[in-house]
Amino acid sequence: MLMAMIENIYETMNLRITETAFELHLRKIYPTRNILSMRETETISGQDCLDVQKKTDGSVNIIGEVATDPVASWMIQSAQVASKFTLFTHHAKTFPDLVIALRNSMLRAGVFTDERTAEEQVVQVLNFDIHLVKDFRGRRYIERVTECIPVEDKNEYTYDHRKEKTLEKKMDKFIDNATNYFTRVTNRELYKYVNILEYRNDEYVMTNKISDYNLSQMRINMDESDVEEFDRFIEKNWGKQSK
C-alpha cells in the first residue's frame, strides 16, 4: 500500500527514503520521480542517513518500517523537521497500541526520559493511521482510517484568591488550583482519536468529520483543481464547511 500511495503524491515533491533493508524499490516503480533512497551500513548509521537527507531539499520522508527503537526516533525526527509530511509502516493492532509502542521506543532509545513528554511528541506527528487487516481467507483491505487529535493544554488556573477577604476562602481557592494542577499532571488526556472511515458490511462508511485544522492543512498543500474536488467531497459527506 505504501508503494501505491506514492502515485497520489505530487511529482513536484521530492521523496527521501530511509530503510533498514531495501524493500520498497520506489526508484524502479517510479523512475521519473525525484527519489533518494538510503539504508544504514556497518560504517554509516541510519541517523547519519537522516542527517544527510535533511540537506537534500526533500518534501516527503518515508520510513520503510518502524520495527526497532532507533527507527522510531528517526521517524519522529523526520516528521518534526525537514519535510512536509512523513509516511511509515507499523504493526500495531489498535491506535492506542501504536502510540504506546512509539512512546516506549522513544524511551528505550534514550531520546526522552519522561513518558508524558515522549507521548506528547508522538501524538504531535501522528495525523492519520490507515489500518490494514488480512482475514482468514487471505483478503487484505483497509479496516479503518483514524485521525489523531492532540488535546490542547489550556490554562484553567484562577487568581480569585486575591479577591477573597478571609484566609479560609483564600485557602479554598488555592486548593482548587492545586487540585487542578495535580489532575492535569497525573491524569491529563494527551490526545483523542476518531475513525474517519470504516469498513462495514463489505462497504466503506464515512463516520466522523476530519478536524478543521487538518482540513485546512490539506487544502494548503493541494492545487486549485484538487481543492475544489476535495471541498465537494467534504460537503457531500459532512456538509458545507467554513474555509
Side-chain angles (χ1 to χ4, degrees), residues 1-3 5-6 9 14-27 35-56 58-134 140 142-151 153 185-193:
M1 180 179 172
L2 185 59
M3 298 177 186
M5 291 175 65
I6 307 302
I9 299 176
N14 304 330
L15 308 181
R16 301 295 177 255
I17 321 297
T18 304
E19 300 180 88
T20 52
F22 289 130
E23 296 177 324
L24 293 175
H25 307 296
L26 295 180
R27 292 165 62 190
I35 299 175
L36 174 62
S37 300
M38 292 186 178
R39 58 160 294 185
E40 63 179 353
T41 66
E42 294 181 357
T43 56
I44 300 176
S45 67
Q47 183 64 55
D48 292 334
C49 294
L50 188 63
D51 293 339
V52 170
Q53 288 186 4
K54 292 177 183 178
K55 304 174 183 178
T56 59
S59 298
V60 180
N61 277 44
I62 298 175
I63 310 295
E65 181 179 354
V66 178
T68 63
D69 299 336
V71 178
S73 69
W74 305 345
M75 185 277 294
I76 296 295
Q77 290 180 62
S78 64
Q80 289 178 329
V81 296
S83 65
K84 285 184 175 294
F85 60 92
T86 296
L87 301 174
F88 68 96
T89 62
H90 197 279
H91 293 290
K93 295 181 179 179
T94 66
F95 188 81
D97 288 343
L98 174 62
V99 174
I100 292 173
L102 293 175
R103 180 201 68 187
N104 292 343
S105 290
M106 300 292 283
L107 294 172
R108 288 192 296 264
V111 180
F112 296 101
T113 57
D114 180 73
E115 285 189 2
R116 294 186 66 83
T117 303
E119 189 168 324
E120 285 177 351
Q121 296 299 310
V122 169
V123 299
Q124 288 295 330
V125 303
L126 291 180
N127 295 108
F128 295 97
D129 171 34
I130 303 174
H131 186 70
L132 279 75
V133 297
K134 179 180 178 182
R140 295 178 183 269
I142 296 174
E143 182 184 50
R144 56 176 168 78
V145 176
T146 304
E147 179 185 12
C148 177
I149 306 173
V151 176
D153 187 11
V185 169
T186 59
N187 206 25
R188 182 171 68 87
E189 185 181 48
L190 295 178
Y191 70 96
K192 59 181 180 179
Y193 63 97

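Owing to the predicted nature of the structure, the values given are computational and were not obtained by experimental measurement.
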Undergrad: Does the side-chain contact (heavy atoms from CB on, under 4.5 Å) test come out yes or no for V60 and I9, once each step is laid out?
TA: CA-CA 9 Å; V60 180; I9 299 176; 4.1 Å; yes
Undergrad: Find out whether L50 and N61 are in side-chain contact, i.e. whether some heavy atom of one side chain is under 4.5 Å from a heavy atom of the other.
TA: yes
Undergrad: Check whether any side-chain heavy atom of E115 sits under 4.5 Å from a side-chain heavy atom of L107, and report yes or no.
TA: yes
Undergrad: Calculate, to the nearest 0.5 Å, the distance between atoms CG and NE2 belonging to L126 and H90 respectively.
TA: 9.5 Å
Undergrad: Checking side-chain contact (heavy atoms from CB on, under 4.5 Å) for the pair F88/L102: CA distance, chi angles, key distance, verdict?
TA: CA-CA 12 Å; F88 68 96; L102 293 175; 4.3 Å; yes
Undergrad: Any chance CZ of R27 has more than 12 other-residue heavy atoms, nucleotides or ligands included, within less than 6.0 Å?
TA: no
Undergrad: Looking at every heavy atom in both V71 and V66, which two are closest together, and how far apart are they?
TA: CG1-CA, 3.7 Å
Undergrad: Go through the structure and list residues passing side-chain hydrogen bond (donor to acceptor under 3.5 Å, both in side chains) with T146, not counting sequence neighbours.
TA: R144, N195
Undergrad: Shortest non-hydrogen contact from M106 to A118?
TA: CB-CB, 4.3 Å
Undergrad: Does any non-hydrogen side-chain atom of L132 lie less than 4.5 Å from one of I142?
TA: yes
Undergrad: With heavy-atom distances below 4.5 Å as the criterion, would you say the side chains of M5 and I130 are in contact?
TA: yes
Undergrad: Measuring only between side-chain heavy atoms, which start at C-beta, is V52 closer than 4.5 Å to L36?
TA: no
Undergrad: If you define the side chain from C-beta out and look only at heavy atoms, does anything of L87 sit under 4.5 Å from L2?
TA: yes
Undergrad: Can you check whether I17's main-chain N or O pairs, donor with acceptor, with Q53's side chain at less than 3.5 Å?
TA: yes
Undergrad: Any chance you could measure I35, atom CD1, to I62, atom CD1, to the nearest 0.5 Å?
TA: 7.5 Å
Undergrad: Holding to salt bridge (charged side-chain N to carboxylate O under 4.0 Å, His left out), I want the full list of residues that pass it with E23, two or more places apart in sequence or in another chain.
TA: none
Undergrad: Below 4.5 Å, heavy atoms only, C-beta onward: do P96 and Y191 meet side chain to side chain?
TA: yes
Undergrad: Counting heavy atoms not belonging to Y193, are there more than 12 under 6.0 Å from its OH?
TA: no
Undergrad: Does T89 reach the main-chain N or O of G64 with its side chain, forming a donor-acceptor pair under 3.5 Å?
TA: yes
Undergrad: Scan side-chain atoms only and decide if Q80 and Q124 contain a donor-acceptor pair under the 3.5 Å cut-off.
TA: no
Undergrad: Can you tell me how far apart CH2 (W74) and OG1 (T20) are? Round to the nearest 0.5 Å.
TA: 7.0 Å
Undergrad: Considering non-hydrogen atoms only, spot the tightest contact between L190 and V123 and give its length.
TA: O-CG2, 4.2 Å
Undergrad: Which heavy atom of F22 sits nearest a heavy atom of E19, and at what distance?
TA: CD2-OE2, 3.7 Å
Undergrad: Supply the atom-to-atom distance K93 NZ to H131 NE2, rounded to the nearest 0.5 angstrom.
TA: 9.5 Å
Undergrad: When rounded to the nearest 0.5 angstrom, what distance separates CZ in R16 from OG1 in T18?
TA: 10.5 Å
Undergrad: What verdict does the side-chain contact (heavy atoms from CB on, under 4.5 Å) test give for E65 and H91, after you've listed the backbone C-alpha separation in whole Å, the side-chain angles of each residue and the deciding distance to 0.1 Å?
TA: CA-CA 9 Å; E65 181 179 354; H91 293 290; 2.9 Å; yes
Undergrad: Under a 4.5 Å cut-off applied to non-hydrogen side-chain atoms, are I6 and L24 in contact?
TA: no
Undergrad: Going from OG on S78 to CD1 on I63, what distance comes out if it is rounded to the nearest 0.5 angstrom?
TA: 4.5 Å
